[in-house]
Undergrad: 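Provided herewith is a single structure, encoded as structure tokens, for subsequent inquiry.
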Amino acid sequence: TFEMVMRYEGHVQEQYIIQCIFGGEGEKLLACGGEDAKIRIWHRNVKTPQATLTGHSLTVNCLSWHPKCPNIFASGSDDYTVRIWACLLYTSPSPRDRQKSRMPSSA
């Protein structure tokens, strides 16, 4: 049997959340694409998004973390583009780290 251990919040859209993947340094981040053309990033221990990435114009339906560079991932969209993102977000959920870190909001 399975038990829910975490519920992530923050996607705002009509029907679907598209592909969620853990990655980043130590796989401490969760990235999810959505039909609202945005990518949301959570720290795995925090239920609200720590960043929302914009840049695509249609559904983001594919995400993949780089196999050797843990803070880089690619997103694919129905807008026929692939974007490469460098994740500069903290890997610890402490408030001090959140204030010091930066993640680009668009590319």
Undergrad: Mark yes or no for whether His56, through its side chain, and Leu58, through its backbone, hold a donor-acceptor pair below 3.5 Å.
TA: no
Undergrad: Taking all non-hydrogen atoms of both residues into account, name the closest pair between Ala31 and Ile39 and its distance.
TA: CB-CG2, 4.5 Å
Undergrad: Determine whether a donor-acceptor pair (N or O, by modelled atom type, separation under 3.5 Å) exists between the side chain of Tyr8 and the backbone of Arg44.
TA: yes
Undergrad: Please report the closest heavy-atom contact between Ser75 and Leu63, naming both atoms and the distance.
TA: CB-CD2, 3.5 Å
Undergrad: Taking side-chain contact (heavy atoms from CB on, under 4.5 Å) as the definition, give me every residue that meets it alongside Pro49, ordered by chain and number, with sequence neighbours left out.
TA: Arg40, Trp42
Undergrad: Where do Ile84 and Ala74 come nearest, in terms of heavy atoms and distance?
TA: CD1-CB, 3.7 Å
Undergrad: Classify the ring geometry of Trp85 against Phe73: parallel below 30°, tilted from 30° to 60°, perpendicular beyond 60°.
TA: parallel
Undergrad: Report the distance from atom CD1 of Ile41 to atom CG of Leu30, rounding to the nearest 0.5 Å.
TA: 8.0 Å
Undergrad: Any side-chain to backbone donor/acceptor pair from Glu27 onto Glu25? Under 3.5 Å, distance only.
TA: no
Undergrad: Taking only residues two or more places apart in sequence, or in another chain, which ones meet Cys69 in a side-chain contact (heavy atoms from CB on, under 4.5 Å)?
TA: His66, Ile72
Undergrad: Looking at every non-hydrogen atom in both residues, tell me the closest pair between Thr52 and Lys38 and how far apart they are.
TA: CG2-CD, 3.7 Å
Undergrad: Between atom NZ of Lys28 and atom SG of Cys87, what is the distance when rounded to the nearest 0.5 Å?
TA: 12.5 Å
Undergrad: Side chain to side chain donor-acceptor pair (under 3.5 Å) with Glu9: which residues, sequence neighbours excluded?
TA: Arg7
Undergrad: Please name all residues satisfying side chain to side chain donor-acceptor pair (under 3.5 Å) with Ser77, sequence neighbours left out, ordered by chain then number.
TA: Asp79
